[in-house]
Each structure stands twice: as C-alpha cells, then as structure tokens.
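Here's the structure we're looking at; comments come further down.
Just so it is clear, the values below take in all heavy atoms, side chains as well, and ignore hydrogens, waters and symmetry mates. Here is how names work: the chains are called A, B, and so on, in the same order as the sequence lines, proteins then strands, and each is numbered from 1. In this text the structure is predicted, and so the values were computed from the model without any measurement.
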2 protein chains.
Amino acid sequence: MQRPTIKTIAQETGLSIATISKALKNSPQVRPETRAIVVAAAERVGYELNMHGVQLRTGKTYQVAAIMTAPGPKQQEWEGVEYAQLLSGISWALEESPYRVSLYAVRNFEESLATIRQIVSLKKADGIIVSGTRADDPRVRIMQDADFPFVTYGTTIHNDPHAYVDADNEQMIRRSVARLVERGHRRIALINPMADLSYAITRLDAYRGALDIAGLPFDPALVVHDRLTPAFGRESVLTMSRLPDPPTAYICANEASALGAFSGFHERGLVHGRDAVINATDDLNVSQYFAPPITTYFLPINEPSELLGSYILRRMEGEPPEALQALIMPKLIERSDDRVVPKR
Amino acid sequence: MQRPTIKTIAQETGLSIATISKALKNSPQVRPETRAIVVAAAERVGYELNMHGVQLRTGKTYQVAAIMTAPGPKQQEWEGVEYAQLLSGISWALEESPYRVSLYAVRNFEESLATIRQIVSLKKADGIIVSGTRADDPRVRIMQDADFPFVTYGTTIHNDPHAYVDADNEQMIRRSVARLVERGHRRIALINPMADLSYAITRLDAYRGALDIAGLPFDPALVVHDRLTPAFGRESVLTMSRLPDPPTAYICANEASALGAFSGFHERGLVHGRDAVINATDDLNVSQYFAPPITTYFLPINEPSELLGSYILRRMEGEPPEALQALIMPKLIERSDDRVVPKR
DNA sequence: TATCAAAATAAAAACGTTTAACTTCTTTGT
DNA sequence: ACAAAGAAGTTAAACGTTTTTATTTTGATA
C-alpha cells in the first residue's frame with residue numbers, strides 16, 4: 001500500500017487536488033465545511049505532507065543550517081563542547097515548525113565562509129545560524145548581500161545591524177573586574193578567546209575600561225588570546241604565575257579554560273583563595289564541581305540557544321533583523337569569597 | 001538569472017534532458033564523447049544538481065538522521081557534551097557524500113522511539129544513527145523490521161545482529177579492576193550509567209567477573225546507576241565514603257562523573273592517592289587537567305564518530321550489517337600510580 | 001547497397017505539491 | 001430583473017529530476 005497523497009484525498013472526497021491543497025493550508029478560498037471534510041479524510045487515510053513535493057514546487061528547503069566550527073579530529077582538546085547543548089536548544093525551538101536543523105561541521109573560519117557561500121548561492125537551507133563572529137565578519141556581509149535570513153551567536157562590531165544573540169560580555173567583564181578590585185585585587189589576568197573574535201574585543205575593551213575606572217594600569221602581560229581549551233588556561237597560568245608581579249585573579253572566558261587554569265595552579269602549587277583566584281563565564285553549570293567551586297557569571301546555554309532557534313524562525317518569516325537582537329546578562333554566582341591576603 | 005538546470009544544458013548542447021541526466025551520472029548508455037560535451041557545458045554554465053528534483057523523483061532524502069538524546073532545558077547539568085564531537089565526526093565522515101546530518105534532539109527514550117518510528121514510516125531520512133542503546137532495544141527492532149539502514153553507538157544484547165560502534169567496555173572494566181586489585185585495592189566502586197543502558201550491563205557483568213577472578217566479594221553498595229552527570233559522581237562519593245568500609249577506588253563511566261567525584265572528595269576532605277583514587281573512561285581528553293590528573297581509558301571520540309559516519313554510508317549502500325560492527329579498545333593512560341596506603 | 005542489430009539519443013511520463021487562471025454558482029445593488 | 005461582483009471550486013501548468021519506452025543513428029554484414 002502506497003503512502004497517501006493529496007490525490008488520495010481527492011479521490012476519497014471527490015474534490016480536486018487543488019482544493020485539497022488549499023484546504024489543508026487553511027486558504028480562505030475554501031469553505032469551512034469543505035475544509036472539515038478534507039481534514040477528516042486526511043485524518044482517515046493517515047495523510048502526511050510530502051516535503052519533497054513542496055520543496056520542488058516552492059524552492060523552500062525547510063532546513064536551518066547550523067554551522068558548527070569544531071577543531072579537526074587530530075585536535076583532541078576539550079573545546080566547543082557547549083555546541084551539543086546549543087544544537088539541542090535550537091532543535092527544540094524548531095520542533096513545532098516544519099524546519100529541521102541541518103548540521104555543517106567546519107574546521108575553521110575559512111571553511112565556514114566557503115560553506116556559507118555555498119548554502120546561500122545554492123539555497124541549500126532557508127536560514128543559517130552561525131557562531132564565532134568576528135568584529136568585521138565577511139560571512140555576515142555575504143548573507144546580508146544575498147538577503148538571506150540568519151542569526152549569529154555573538155555580535156559583530158563593524159557590520160550592518162543583523163539578528164544576533166549573545167551574552168552581555170561588556171557588562172560581565174566590567175562587573176567582574178570591579179568586583180575583584182573591591183576585594184583588593186590589583187593584578188587581574190584576562191584569559192580571552194581568539195583575538196579576532198568579536199567578543200574577545202568586547203571583553204578586552206571592557207576590561208581596559210574597568211581598569212581605568214579603578215585607576216589601575218593596563219598591563220599587556222596579563223592578557224592572552226587563544227582557543228579556549230584547558231591547555232590554554234593551563235599554559236596561561238604557568239606563564240603568568242612566573243611574572244615578577246603575578247596576577248592574583250584570573251578571569252577565564254569559559255569553563256574549559258578555567259579547568260585548565262586549575263590544572264596550572266596544581267602544577268605550580270598555587271592554592272585557590274590563598275595565592276590567587278579564578279573567575280569564569282559559565283554556560284554548562286560545571287564550575288560548581290570544581291574544587292573549590294569558583295565564582296562565575298552563569299548563563300545557562302539553553303537560553304541563548306532557544307532564542308537562536310526562535311529568532312531564525314521569525315527572521316525567515318520576514319521579521320526585520322533589528323527586532324531580533326538579544327544581549328543577555330548572565331547571573332553572578334558567588335561560590336567563593338575571592339579575597340586574597342596580600343603577600344607579606 | 002536563473003539557476004541552471006539540466007534543461008539549460010540541453011539547450012546549450014542541443015541534446016535532450018534525458019541524455020544530460022544520463023551523461024552526468026556516468027550511464028554506459030551515453031558515448032564518452034557526448035559525455036565530455038555535456039560535462040563541459042555543465043561546467044560552463046555552472047550547473048549544480050538540484051536535490052529537490054532528485055528527491056521527489058527517487059524518494060531518497062539524502063539525510064542521515066542523528067538522534068541526540070539531551071536532557072531538557074531545565075536540566076542544567078553537564079551531560080552529553082561529547083555529543084558535539086560525535087556530531088562533528090559524523091558530519092565529516094559524510095562530507096564527500098551527498099548526505100547531510102539532520103539533527104533530531106529528543107528528551108528521553110520514549111521520544112527517541114517515537115521519532116525513529118516517524119522517520120522510518122515517513123521516510124524522513126535514508127539512515128539513522130542512534131546512541132544510548134538498551135540491552136533489548138525496541139528502536140533497533142523497529143528499524144530492522146522496516147529494513148531501514150541504521151548504526152548504533154553502543155551495542156545491544158538481545159537484539160538481532162546490527163551495525164554498531166562501541167568502546168570495548170567489557171575489556172576496559174576487566175582490566176581496570178585487575179589493575180586496581182594489583183595495586184592493593186579491595187573495595188572498588190563502580191559509577192555506572194543508567195541501569196537500562198546496554199553498556200551499564202556489560203560493565204557490571206565485567207566488573208563482577210573481574211572481582212570473581214580476583215577472589216573479591218561483590219558488594220551491591222559499591223555499585224550505582226544513574227545519568228552520568230557531575231552531580232551523580234559527587235553524590236556517589238558523598239554516600240559511599242560514609243560506608244563502614246568505604247571504597248578506595250572509584251571507576252567512573254565518564255569524565256563528567258569523575259569531575260563530580262573529585263568534587264565529592266573535596267567536600268569530604270578526601271585526598272586523591274591517599275584516601276582513594278578515581279579512574280575513568282575518557283573520550284574528551286580532559287582528565288589530564290584534573291588536579292591531580294587521573295588514570296583513564298582514553299578513546300578519542302572522533303574515532304567512533306567517524307566510524308559511525310562511514311558505517312551508515314556503507315549500510316545505506318546495502319552492505320550487510322554483520323560487516324559493520326566495531327568494538328574499539330580504548331588506550332590506558334596511567335597518569336597516577338593509583339596505589340593507596342592501606343588504612344591503619 | 002540494402003538489411004539488421006546494436007548503440008546512442010529523444011520523447012514522454014512520473015514523483016507530490018502549489019498556484020495562476022479559469023469556470024460555475026450565488027449574492028448584491030440598482 | 002439583470003448585470004456585476006464575489007465566493008468556491010476546478011483545470012492545468014510548473015518545479016527538476018529519473019527512467020521507461022520509443023526512435024534514430026551507426027556500423028557491420030550479406
């Protein structure tokens with residue numbers, strides 16, 4: 001027995017396939033009574049819309065492309081693990097819609113650029129979600145030029161306005177620094193993501209601004225940029241703790257680097273809360289299990305990810321991008337006093 | 001200007017669309033010279049196959065459904081993070097093929113069952129990759145009954161043979177236990193995944209077998225089953241360390257639970273290597289950053305994930321499932337001596 | 001050179017849907 | 001009472017491909 005089509009329903013009801021099609025999509029051209037008959041018949045025969053027909057006819061793909069930048073296979077590091085939660089959040093937001101998440105794993109920025117170019121020009125999806133935005137992001141421009149719906153996870157700085165979701169990095173860093181200064185810290189390290197990422201710049205600027213306000217000097221030796229792996233956090237601590245005037249606080253951009261920082265503490269014999277402290281930005285709620293638990297700004301990743309999903313839906317419906325911008329302020333979770341007794 | 005189709009090429013070359021179609025798929029029915037002409041023309045006009053037409057005509061979807069079981073949004077726990085790497089591995093394995101990974105996030109087993117039922121009956125994908133297998137898995141049976149290509153990440157115990165990829169849990173646990181026994185441990189705890197998962201049973205059986213061989217008694221109080229979150233690892237340590245005769249070694253099923261176990265150590269004032277030790281199964285290579293680093297069986301997750309990708313491709317090509325089964329033995333990484341001085 | 005089989009190409013139908021254009025029927029306004 | 005307008009439905013074409021069937025071309029043979 002074949003899968004029923006609108007033709008099946010047409011025969012079943014004696015109506016034409018055009019009417020069936022219209023009835024099923026609630027066109028005002030068909031009478032409510034007729035629609036009821038059609039719907040009943042569809043129900044009876046177990047009809048389900050065949051997307052392939054729709055896609056061919058309308059050119060819509062009903063796919064949302066999620067561009068996932070993950071390091072290559074050789075690169076065995078704890079990086080980008082929050083992507084799992086990000087994807088599931090997006091997927092759930094699309095659940096009630098006919099759209100599916102189609103995954104495009106890429107190794108680096110260039111690949112993501114090429115992939116996006118292809119998706120846009122060959123219309124392999126109806127919308128794109130992309131993360132790891134740069135200050136001036138060519139991918140954003142490509143999609144804007146083609147008038148292609150997209151949402152970024154992360155802001156840009158020099159691009160025209162577009163739909164985005166991001167944590168409020170600016171506020172987060174300003175308050176982090178201010179709080180540490182209040183607690184007597186004068187040498188605060190910033191473990192920052194890759195320098196070309198937009199939020200690295202935002203964080204750095206906020207950091208410098210906060211230092212200014214506190215009347216503290218900016219020391220480039222206390223700022224590092226790289227991929228946010230544990231290895232990076234570890235190396236940073238190993239290096240900076242050897243400075244003549246080492247930091248008493250480390251602000252880590254995520255939990256992976258914070259974990260690595262702990263590893264560096266262990267290696268150097270540093271004790272958290274005595275020699276220095278670690279703060280972090282948390283989106284997996286894992287810092288509470290560190291020993292000791294650390295103070296973090298916590299933004300449960302499902303929030304931005306579900307927002308990404310609903311934004312791309314609304315963007316594909318034609319809503320203007322200006323209405324689809326969210327900066328979310330993470331919640332401060334103070335798990336540690338974070339005071340450090342000044343040496344001597 | 002419209003996107004070129006085979007019709008464009010037909011006009012361009014003066015051939016019929018049937019010939020174009022055949023030429024482009026290397027049918028022996030078309031002369032090499034003709035094919036050359038067609039290919040050249042296709043190149044010239046920048047032709048790309050339109051999948052929608054193909055899909056409608058052939059019924060193939062060129063989608064591989066990846067069923068991702070992730071806890072609901074409220075459930076803010078570090079769980080299932082390795083899924084990100086899993087998905088990217090699969091996605092890379094499919095890169096050269098026309099197939100794409102389509103993501104289906106589900107909250108629990110029942111949802112995954114329903115989702116798979118739907119994918120199979122409505123043919124929403126050409127193949128399925130599913131994880132979290134149970135000893136007797138109804139999803140496997142559904143797919144087998146429908147003769148639907150699939151690969152599981154994880155074995156089953158009571159199902160008919162099918163394609164799978166898994167770590168060799170049996171060997172891993174046997175050797176883990178034997179190694180700990182060699183180092184003087186007589187009370188070894190097993191932090192195991194949910195009891196209905198196939199690998200929980202495999203691990204438990206191996207654990208009992210290894211204890212038997214070592215002449216040690218089996219104590220049910222030393223075995224716990226639950227979702228592998230840090231919270232679970234932590235709770236397990238908090239509880240077990242209060243036993244009259246507490247364990248001196250904890251074998252954790254993944255890194256999340258191992259991290260939680262450390263948190264439990266910290267809470268109880270236990271020192272790793274003095275009071276007890278933690279071993280784990282590692283697929284993200286993160287245990288090296290614990291303080292102190294712990295001994296693990298390491299299986300870089302990209303290995304099984306790329307295997308999953310290539311297996312599903314071969315399965316969709318019609319290879320028999322018996323040829324597509326892999327049990328991978330993780331590599332022992334001894335980061336700690338793991339001897340514990342007996343109390344008193 | 002005529003014949004025939006084989007090889008190469010063309011024609012046409014089909015996959016399931018949407019939609020523009022058309023027909024029929026009913027209602028409304030003068 | 002009748003034309004015009006509106007409502008509800010139908011017809012037919014179209015989206016881009018594959019594949020079955022039909023037709024033409026080619027080359028070998030008698």
Item to check | Separation of C:dC15 P from B:K123 NZ (nearest whole Å) | outcome: 17 Å
Item to check | Electrostatic pair A:R141-A:D160, nearest N-O below 4.0 angstrom | outcome: no
Checklist entry - Can you check the B:R35 CZ to C:dT9 P distance for me, whole Å? => result 10 Å
Checklist entry - To the nearest angstrom, how far is A:I37 atom CD1 from D:dG9 atom C1'? => result 13 Å
Item to check | side chain to side chain donor-acceptor pair (under 3.5 Å) partners of residues 31-41 of chain A, not counting sequence neighbours, each pair once | outcome: A:R31-A:E33
Checklist entry - Looking at DNA chain C, which of residues 47-64 of chain B put a heavy atom within less than 4.0 Å of it? => result B:L56, B:R57
Next on the checklist: In whole Å, I'd like the distance from the CD atom of A:Q29 to the C1' atom of C:dC22.
Outcome noted: 12 Å
Checklist entry - Expressed in angstrom and rounded to an integer, what is the separation of A:I9 atom CD1 from D:dT10 atom P? => result 14 Å
Checklist entry - Ion pair present between B:R107 and A:E95, side-chain N to carboxylate O less than 4.0 angstrom? => result yes
Item to check | Steps toward side-chain hydrogen bond (donor to acceptor under 3.5 Å, both in side chains) verdict (A:T115, A:S112) | outcome: CA-CA 5 Å; A:T115 301; A:S112 78; over 6 Å; no
Next on the checklist: Between B:N159 and B:T156 (side chain of the first, backbone of the second, donor and acceptor by atom type, cut-off under 3.5 Å), is there such a pair?
Outcome noted: no
Checklist outcome for this item: So ring-ring contact (aromatic ring centres under 6.0 Å, His included) across residues 112-151 of chain A, not counting sequence neighbours, yields A:F150-A:H162
Checklist entry - Can you tell me how far C1' of D:dA8 sits from CG of A:N26, to the nearest Å? => result 16 Å
Checklist outcome for this item: From the candidates C:dT9, C:dT17, D:dC15, the one with an atom nearest any side-chain atom of A:T5 is C:dT17
Next on the checklist: Filter on side chain to side chain donor-acceptor pair (under 3.5 Å), then keep only pairs touching residues 309-320 of chain B, sequence neighbours left out; what's left?
Outcome noted: B:R314-B:E319
Next on the checklist: Given C:dT9, C:dT17, D:dG9, identify the nucleotide with an atom nearest to the side chain of A:I6.
Outcome noted: C:dT17
Checklist entry - Does C:dT9 have OP1 or OP2 sitting under 4.0 Å from an N or O in the side chain of B:R31? => result yes
Checklist entry - Between A:E48 and B:K123, is a salt bridge (charged side-chain N to carboxylate O under 4.0 Å, His left out) present by the stated rule, with each step listed? => result CA-CA 11 Å; A:E48 285 261 2; B:K123 206 159 175 358; over 6 Å; no
Checklist outcome for this item: Within residues 14-25 of chain B, the residues having a heavy atom closer than 4.0 Å to DNA chain D are B:I17, B:A18, B:S21, B:K22, B:K25
Show me, pair by pair, the donor-acceptor contacts under 3.5 angstrom made by side chains of residues 53-62 of chain A, not counting sequence neighbours?
from: A:Q55; atom 1: NE2; to: A:T61; atom 2: O; distance (Å): 2.9
from: A:T58; atom 1: OG1; to: A:V54; atom 2: O; distance (Å): 2.7
from: A:T58; atom 1: OG1; to: A:K60; atom 2: N; distance (Å): 3.2
from: A:K60; atom 1: NZ; to: A:Y99; atom 2: OH; distance (Å): 2.6
from: A:T61; atom 1: OG1; to: A:Q63; atom 2: N; distance (Å): 3.1
from: A:T61; atom 1: OG1; to: A:D126; atom 2: N; distance (Å): 3.2
from: A:T61; atom 1: OG1; to: A:D126; atom 2: OD1; distance (Å): 3.0
from: A:T61; atom 1: OG1; to: A:D126; atom 2: OD2; distance (Å): 3.4

